[in-house]
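For the single chain, residues carry numbers from 1 onward in sequence order.
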Amino acid sequence: QAELGKPQRNCYTLPGFDFSYGLYIHSTDGGVPEAIGHWNTIKPKIPSVQSMPRDFITMNRGALKAGCTTAHEFNLYYKAMDIRCKNKECSHFKRCPPKVPADFTYGIPGRPSTPFYDLLQHKYKEMWMEQQRALTVIQRDEKKKCKIRDTRTSYLRKHPPPAKEESFWHLPRLEKV
């Protein structure tokens, strides 16, 4: 039962000070000196011939040159001449390393230094003020150039509609009269 007048505890007690977290392996764990002194690195895996997929295009071409015509002959040729695809990424760098100039530096180029002389003279503020003045002059000129809009009456005075021509069309039933 929960203690009277207190909320029920729903947590676990922590182990004592002599407890160490994690898995301890006697054969490999040498403590801090082992971790600092030795570098256990993973050796790179060389791609095996069997891990690459078969190159059927080259094998088919070779089988045709050898004179194979039936599926059974093709299978025998595949077993005799097992040609695998080449890893293009690895083979490219093994053939020729990338050509890089001697003074080439990797990474992002550094930002140019801030001109403190311009900052002390408030040059950037002056440039911004000049831009704002130029914008206000342009906006003022645009307001002055505003045209007075034509009303429907003034538009019809300038562009009168074409006069309607009299139609000589009559009903077909009245044509014989």
**Message:** If you compare all heavy atoms of Arg54 against all heavy atoms of Cys85, which two are closest, and at what distance to 0.1 Å?
**Reply:** O-SG, 3.7 Å
**Request:** Could you tell me how the ring of Tyr155 sits relative to the ring of His159: parallel (under 30°), tilted (30 to 60°) or perpendicular (over 60°)?
**Result:** tilted
**Message:** Using 0.5 Å steps for rounding, measure from the NZ atom of Lys125 to the CG atom of Asp118.
**Reply:** 14.5 Å
**Message:** Show the nearest heavy-atom pair for residues Phe74 and Ala63, with the distance to one decimal.
**Reply:** CE2-CB, 3.6 Å
**Message:** Can you confirm whether Tyr106 sits close enough to Val100 that some side-chain heavy atom of one is under 4.5 Å from a side-chain heavy atom of the other?
**Reply:** yes
**Atom CD1 of Ile57: over 12 foreign heavy atoms under 6.0 Å** = no
**Request:** Determine, for Arg84 against Asp82, whether the closest basic-nitrogen to carboxylate-oxygen distance falls under 4.0 angstrom.
**Result:** yes
**Request:** Kindly indicate whether the side chain of Leu76, heavy atoms from C-beta on, has any atom under 4.5 Å from the side chain of His72.
**Result:** yes
**Request:** Enter the distance from Met59:CE to Leu64:CG here, rounded to the nearest 0.5 Å.
**Result:** 12.5 Å
**Asked** Can you tell me how far the OH atom of Tyr77 sits from the NZ atom of Lys65, to the nearest 0.5 Å?
**Response** 9.0 Å
**Nearest atoms (heavy-atom pairs only) where Pro115 meets Tyr124** = CG-OH, 3.2 Å
**Item:** Heavy-atom side-chain contact between Leu156 and Arg152 under 4.5 Å
**Value:** yes
